[in-house]
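As structure tokens, the structure follows; a few thoughts come after it.
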Amino acid sequence: MRRTTMALALAAILFSSLNFPVCAQDASEKEIERYRAMISDPLSNPGFLAVDRGEILWSEKRGTKNVSLEGCDLGLGAGKLEGAFARMPRFFADSGKVMDLEQRLLWCMQNIQGLDTKDVIARRFSGPGKASDMEDLVAFIANKSSGMKIDVPLKHPKEQEMAAVGEALFYRRGGVMDFSCATCHADEGKRIRLQGLPNLSKPGKQPQETMGTWPTYRVSQGALRTMQHRLWDCYRQQRWPIPEYGSDSITALTVFLQTQATGGEITVPSIKR
Amino acid sequence: MRTTSKFAALILSAGVIATQPFAAYAQTATKKADPALVDAYLKATFGKAPPEWQARIEPDDTLKTCNLHRNDVPSAEADKIVKRELAKVVFPADGKLLGDWKQGQKIANNGRGGQFSDDAKTENGGNCYACHQMEKAEVSFGTLGPSLTSYGKDRKFDPAEAKNAFIKIYDSQAVLACSNMPRFGANKVLSEKQIMDLVAFLFDPESPINK
């Protein structure tokens with residue numbers, strides 16, 4: 001029974017990623033919507049196992065101060081999770097920085113829990129036999145914004161700076177192939193080999209549907225992945241050097257992408273190819 | 001601010017309707033970032049990479065212009081780029097441009113090389129299928145570039161056209177300023193021999209591209 005649901009869901013993902021975004025215009029749209037609803041069923045999406053693990057980690061006492069992360073302020077007040085992810089990245093006065101969820105969690109681990117984050121960073125992306133606290137925590141926290149709309153604040157000058165730098169980085173070409181994000185994500189209905197490429201260069205439906213579905217359970221990788229991982233992988237395809245985890249360019253790009261996606265509904269963790 | 005009419009003019013002058021991004025949709029919601037600030041962000045993110053990797057993302061004069069105009073370069077700048085890039089093209093000493101199409105077929109299919117997940121000994125591929133349709137039998141092709149099916153046959157196997165293709169693959173911007181296609185020879189991704197093999201893949205009458 002569960003297997004069939006899963007197989008159907010997988011077929012739907014393959015179907016939608018192959019045809020996206022051409023399909024978005026035709027009659028199959030309704031069908032895809034139906035599959036999407038099914039995909040977010042906790043029983044058929046292994047991403048929800050990460051949500052459960054993240055919930056435990058969130059309240060676990062750790063670090064030299066032996067406290068949980070519940071004292072961590074994600075922008076809406078200490079320990080307040082509902083809707084926090086929908087409004088990130090954002091400026092945090094205590095650190096003086098614009099941070100995405102992953103940067104913020106690292107900051108809270110260090111400053112609230114007194115946790116040495118070296119090991120957490122080493123396990124930032126899960127692998128065989130290697131769980132990732134970050135992936136699990138992000139899945140749990142992001143899920144608390146499911147059903148809400150992307151709405152990043154762009155009031156603080158640092159937030160505006162991030163959006164502007166993110167946009168510049170999106171168009172910045174380089175590497176042995178002269179690629180930028182725009183090479184692959186600035187045109188309608190294009191694909192690389194058979195993989196459909198969302199156009200993220202203008203605000204609207206495509207960035208909304210893209211950003212509203214991360215973090216996601218990647219079937220091809222058998223793991224829950226965050227935006228940090230997605231952009232790390234895109235920079236790999238771009239033939240650029242390895243981007244530092246939780247660093248400012250990645251956050252700037254995320255601010256830019258979230259801004260393009262304003263108003264998009266969050267349904268996470270989703271499940272993708 | 002780019003306008004539709006300017007975009008139309010660009011299409012007419014460059015003849016690349018299917019390949020230029022729809023500039024009219026360009027995002028201008030945010031203020032342009034100061035280039036020095038962008039560099040500081042890049043340093044924070046890529047500053048720990050080995051020096052040779054950092055050198056790769058240092059834009060040369062051509063990319064600086066392309067980045068500034070987001071590829072939609074004014075014609076005077078475009079002329080400068082084409083001239084500069086054409087000077088980089090080195091032709092085979094014996095004048096022979098067609099190599100082995102069977103090798104070319106493999107190079108076109110190979111997308112490896114140049115990624116941080118590749119080891120240094122990985123032989124670079126051309127990854128042409130990421131962006132182009134080539135042989136009709138290969139259904140897994142991307143659409144960032146135009147279809148190259150029957151490329152040589154459509155050009156009557158004209159040696160002058162084969163020479164143009166050599167130039168295009170060696171340095172795409174020697175033909176079209178700020179082309180999205182990589183500059184394979186100029187950036188030392190592909191060797192002279194590999195480029196000749198690709199020209200043969202496009203222009204050999206026996207090549208499946210022309211069947």
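By convention in this document, chain letters (A, B, ...) are assigned in the order of the sequence lines, proteins followed by strands, and residues within each chain are numbered from 1. Please read these numbers as outputs of a predicted model, since none were measured by experiment.
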Any salt bridge between A/R172 and B/D39, counting N to O under 4.0 Å? yes
Quick check: B/F46 with A/Y235 (ring centres under 6.0 Å apart)? yes
Residue B/K102 excluded, over 12 heavy atoms near NZ under 6.0 Å: no
Please look at B/N109 and chain A and tell me whether the side chain, the backbone, both or neither of the residue comes under 4.5 angstrom of a heavy atom of that chain. both
Under a 4.5 Å heavy-atom cut-off, does chain A meet the side chain of B/C131, its backbone, both or neither? neither
For the CG atom of B/L42 and the OG atom of A/S249, what is their distance to the nearest 0.5 Å? 5.0 Å
Out of curiosity, B/N187 CG to A/M177 CE, how far, rounded to the nearest 0.5 Å? 9.5 Å
Under a 4.5 Å cutoff for heavy-atom pairs, which residue among A/G175, A/G174, A/A168 has the most contacts with chain B? A/G175
In Å and rounded to the nearest 0.5 Å, what is the CZ to OG distance from B/R70 to A/S201? 9.5 Å
Does any N or O in the side chain of A/D178 come within less than 3.5 Å of the main-chain N or O of B/P182, such that one atom is a donor and the other an acceptor? no
When you look at NZ of A/K155, are more than 12 heavy atoms from neighbouring residues, nucleotides or ligands closer to it than 6.0 Å? no
Go through the atoms of B/D118 and report whether side chain, backbone, both or neither lie under 4.5 Å from a heavy atom of chain A. neither
Heavy-atom distance under 4.5 Å between the side chains of B/L144 and A/L197, does that happen here? yes
Within a 6.0 Å radius of atom NZ on B/K106, are there more than 12 heavy atoms belonging to other residues, nucleotides or ligands? no
Quick check with a 6.0 Å cut-off and a 45 degree axis cone: is A/R191 positioned over the face of B/F141's six-membered ring? yes
From B/S140 OG over to A/R193 CZ, what is the distance, rounded to the nearest 0.5 angstrom? 4.5 Å
Could you tell me which portion of B/Q133 (side chain, backbone, both or neither) has an atom closer than 4.5 angstrom to a non-hydrogen atom of chain A? neither
A side-chain contact here means heavy atoms from C-beta on lying under 4.5 Å apart; do A/V176 and B/K188 qualify? no
From CH2 (A/W240) to CD (B/Q54), nearest 0.5 Å: 11.5 Å
Are the side chain of A/K190 and the backbone N or O of B/T143 linked by a donor-acceptor pair below 3.5 Å? yes
With a 4.5 angstrom heavy-atom cut-off, is it the side chain or the backbone of B/Q173 that approaches chain A, or both, or neither? side chain
